[in-house]
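So that the names make sense, note that chain A is the first sequence line, chain B the second, and so on, each numbered from 1.
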Amino acid sequence: MIEISEDKPANFIQHIINEDLEANINGGRVHTRFPPEPNGYLHIGHAKSICLNFGLAKTYGGLCNLRFDDTNPSKEDVEYVESIKRDVRWLGYDWDDRLYYASDYFEKMYEFAVQLIKDGKAYVCDLSPGEIREYRGTLTEPGKESPYRNRSVEENLDLFQRMRDGEFEDGSRVLRAKIDMASPNLNMRDPVLYRIQRGTHHRTGDKWCIYPMYDFAHPISDALEGITHSICTLEFEDHRPLYNWVVENVKIDGDSKPKQIEFARLNLSHTVMSKRKLRQLVEEGYVDGWDDPRMPTISGLRRRGYTPEAIRDFCDRIGVAKSNSMVDIAFLEHCVREDLNKRALRVMAVLNPLKVIIDNYPEDQVEELDAENNPEQPEMGSRKVPFSREIYIERDDFREDPPKKFFRLAPGREVRLKHAYVIKCERVVKDEETGEVIELHCTYDPETKSGSPTASKRKVKGTLHWVSAPHALKAEVRLYDHLFTKENPEEEGEDFKDNLNPDSLEVLTECLVEPSLQDAKPGSRYQFLRKGYFTVDPDTSPEGLVFNRIVSLKDTWAKIQKAQKK
RNA sequence: UGGGGCAUAGCCAAGCGGUAAGGCACACGGCUUUGGACCGUGCAUUCGUAGGUUCGAAUCCUACUGCCCCAGCCA
């Protein structure tokens, strides 16, 4: 019995494991597995399963295997197995030497099938796919037995061997379990165990032309690996009797009796999670690839700048239960903010620059000002930031006609420049034709220098970030927003693509960042003061820095503005 | 209409017969050289509905309602 911790109550799976341990089932072992099919990229929903399976193994001192469920060569590819391994590792999990493939067990599975035939529990069926469907019956009516159901063991053995030998065409015959055509559970109406399907498998090549179905391969793989708790999602609940039937009827060496437990998969608001839909977004060009920073894929989140720690924390905090639910994406965002707040270096970057000339600041003077790297973590030290007569501030931080509660710069108003001085806006220069504000002329008060004893002689309500004009570095900044405008884009009766957010990506090419970012490395993360958390995109080159916005900072002013509009 | 599940706040989610944890969101206040962070306060007289059992019910019983999944030779 394990109590995880005082402040984190056990979930229902842990309760089950606790009971099993108490009853000494499987000799007190806990052994789980993460069993992806290599037919797509992993997404945040898989992360929930990965954290659950590897996490359970860790808290109970057990093991978790990585196993590729590769029983359908027509859909699977090595590209996916490589990406999956990379993603699991990146999330922080290690399968040691326990990397398995269902295809490793094909020979054994074949033997188990032969044994089932010998026991009179499986038969070769010649019905066409359409006929099998007809014979299966419906939700409310029982099925009919196949005319091939009572073939002799010898005939079945011969036919199954010849299926393997490639004597029959794809789809012409299958091996079926002999269970109960009248079962109210459709999965038990003589389910297909093997089908003939020619196609080159990414691992076994052309060795096989028959492949086991999930329902046959999965329990066998679990039993072979000594899995104790086989955790899957809710839609497999109806398959559990069949899972148990296979475990009971296939005589596998070893004492492991795996138990299937189902939990609710993760749904996240403002995005889609099905492989089919994600693939569609990629293939039809709605996004830039599987690792587009707007995608809920692990590779997308990684490129977006999410940390594995934040994702693990998220998975840990959403809980595990059996009710279908939709987690607000704001919660995921909260988790990264919380993580990055502790560790991200603070720097200044101006996304939409507006020039400010400080008229009373000496023409050629440059000061190297002290700037803390992270007020939360003083041990992260400080850096120097150049200050000069011409600087840039955020265009949004100036309003010629400031609304109520606007604490920033406006004609005649004073604000503090972070790490520097208090300045006052004296004059606004506008383009004569368009009326657009081109530059601001300000004065500064030398006594208000940050850190000096007289720094706070003036009380100002606003503090702005800025960059020194002659020192700033140009950068491209990509602002990402939710991929979909609707909380649930897959709502019934509509095309999910109609709910795509047209503003999910905004590219700013005229941004200016402080010079300390000169050698920023791809993958490193920063807080752009007052703006949000950003990461250096791999598109960064000697020609220019490229940043992705991971998530914005919480913005009280935006909230006030929204309220004022109403 | 068969079978399998699930219903606790706007969103997650504890609770397992002794009188509704926690987080997110939201609101208000404090602090602040980030309108960030942080700190404090508020936020379910009630657990899908209706009955019943009990001194006592979100927890047990009965009936009902709503939602999800299942008729691939996909996983």
Output one line per pair: protein atom, nucleotide atom from nucleotides 25-31 of chain B, and distance, for all N/O pairs under 3.5 Å.
residue : atom : partner : partner atom : Å
C26(B)  : OP1  : K559(A) : NZ           : 3.2

**Message:** Does anything in residues 449-456 of chain A come within less than 4.0 Å of RNA chain B? Heavy atoms only, and list the residues if so.
**Reply:** K449(A), S450(A), G451(A), A455(A)
**Asked** With syn defined as a glycosidic torsion within 90 degrees of 0 and anti otherwise, which applies to G72(B)?
**Response** syn
**Message:** Could you work out, with side-chain hydrogen bond (donor to acceptor under 3.5 Å, both in side chains) as the rule, every residue matching E379(A), not counting sequence neighbours?
**Reply:** Q377(A)
Any idea which of [options] is nearest the [X] side chain?
X: S323(A); options: G35(B), A7(B), G36(B); answer: A7(B)
X: V327(A); options: C12(B), C6(B), G36(B); answer: C12(B)
X: P9(A); options: A14(B), A37(B), G35(B); answer: A14(B)
X: Q527(A); options: U34(B), C12(B), G35(B); answer: U34(B)

Can you check the [X] [atom1] to [N] [atom2] distance for me, whole Å?
X: D555(A); N: A37(B); atom1: CG; atom2: P; result: 10 Å
X: R265(A); N: G5(B); atom1: CZ; atom2: P; result: 18 Å
X: R343(A); N: A37(B); atom1: CZ; atom2: P; result: 18 Å
X: N374(A); N: C38(B); atom1: CG; atom2: C1'; result: 13 Å
X: E372(A); N: U33(B); atom1: CD; atom2: P; result: 11 Å
X: K531(A); N: A37(B); atom1: NZ; atom2: C1'; result: 17 Å
X: W557(A); N: U34(B); atom1: CH2; atom2: C1'; result: 16 Å
X: M326(A); N: A13(B); atom1: CE; atom2: P; result: 12 Å

For [X], report the nucleic acid contact type (base, sugar-phosphate, nothing); a contact means any heavy atom under 4.0 Å.
X: V460(A); answer: nothing
X: Y421(A); answer: nothing
X: E376(A); answer: base
X: L553(A); answer: base
X: R346(A); answer: base

**ring-ring contact (aromatic ring centres under 6.0 Å, His included) assessment of Y214(A) paired with H218(A)** = CA-CA 6 Å; Y214(A) 167 87; H218(A) 208 88; 4.8 Å; yes
For [X], enumerate each residue passing the ring-ring contact (aromatic ring centres under 6.0 Å, His included) test, keeping only those at least two apart in sequence or located in another chain.
X: Y105(A); answer: none
X: F387(A); answer: Y361(A), Y421(A), W466(A)
X: H270(A); answer: H482(A)

Write down the distance separating the [atom1] atoms in [N] and [M], rounded off to the nearest Å.
N: C68(B); M: C28(B); atom1: C1'; result: 39 Å
N: C70(B); M: G23(B); atom1: P; result: 37 Å
N: G22(B); M: G17(B); atom1: C1'; result: 23 Å
N: C43(B); M: U34(B); atom1: C1'; result: 28 Å
N: G3(B); M: A14(B); atom1: C1'; result: 31 Å

**Request:** Check whether any side-chain heavy atom of I231(A) lies under 4.5 Å from a side-chain heavy atom of L56(A), and answer yes or no.
**Result:** yes
**Message:** Could you go through K449(A) and E367(A), starting from their C-alpha distance and side-chain angles, then the distance that decides it, and tell me whether this counts as salt bridge (Lys or Arg N to Asp or Glu O under 4.0 Å)?
**Reply:** CA-CA 11 Å; K449(A) 183 172 178 175; E367(A) 283 181 271; 2.8 Å; yes
Can you find a side chain N or O atom of [X] that sits less than 4.0 Å from OP1 or OP2 on [N]?
X: H15(A); N: A14(B); value: no
X: T463(A); N: U32(B); value: no
X: T556(A); N: G36(B); value: yes

**Item:** Working for salt bridge (Lys or Arg N to Asp or Glu O under 4.0 Å), residues R162(A) and E167(A)
**Value:** CA-CA 6 Å; R162(A) 288 162 61 193; E167(A) 286 189 32; 2.7 Å; yes
**Request:** Could you pick out which residue, N11(A) or A420(A), lies toward the 5' side of RNA chain B when each is mapped onto its nearest nucleotide?
**Result:** N11(A)
**Prompt:** If you measure only the distance, is there a donor-acceptor pair under 3.5 Å linking the side chains of Y135(A) and D190(A)?
**Reply:** no
May I have all residue pairs that pass salt bridge (Lys or Arg N to Asp or Glu O under 4.0 Å) and include part of [range], sequence neighbours excluded?
range: residues 40-51 of chain A; answer: none
range: residues 343-353 of chain A; answer: E309(A)-R343(A), D339(A)-R343(A)
range: residues 319-335 of chain A; answer: E237(A)-K322(A), E262(A)-K322(A)

Give a yes or no on whether a donor-acceptor pair under 3.5 Å exists between the nucleobase atoms of [N], that is its base, and the side chain of [X].
X: R530(A); N: U34(B); answer: no
X: R317(A); N: G22(B); answer: no
X: E141(A); N: U1(B); answer: no

**Fill in**
Contacts of D170(A) meeting side chain to side chain contact (heavy atoms under 4.5 Å, CB included) (sequence neighbours excluded), chain-then-number -> I196(A), R198(A)
**Request:** Mind checking which stems touch RNA chain B? I mean at least 3 consecutive Watson-Crick or G-U pairs, both distances under 3.5 Å.
**Result:** B:2-7 with B:65-70, B:10-12 with B:22-24, B:26-30 with B:38-42, B:48-52 with B:60-64
**Within the 6.0 Å centroid threshold, strictly below: Y80(A) and Y41(A)** = yes
**Message:** Under 5.5 Å centre to centre and under 30° between planes: does that hold for F407(A) and the six-membered base ring of G35(B)?
**Reply:** yes
**Item:** Whether N341(A) side chain and R337(A) backbone form a donor-acceptor pair below 3.5 Å
**Value:** no
**Item:** Pair K384(A)-D370(A), salt bridge (Lys or Arg N to Asp or Glu O under 4.0 Å): steps then yes or no
**Value:** CA-CA 5 Å; K384(A) 296 288 187 187; D370(A) 282 313; 2.9 Å; yes
**Asked** Does NZ or CZ of R164(A) come closer than 6.0 Å to the centre of the six-membered ring of Y110(A), within 45° of the ring's axis?
**Response** yes
**Prompt:** Going 5' to 3' along nucleotides 67-75 of chain B, which nucleotides have protein heavy atoms under 4.0 Å from the base (write B), which only from the sugar-phosphate (write S), and which from neither (write -)?
**Reply:** -SBBBSBSB
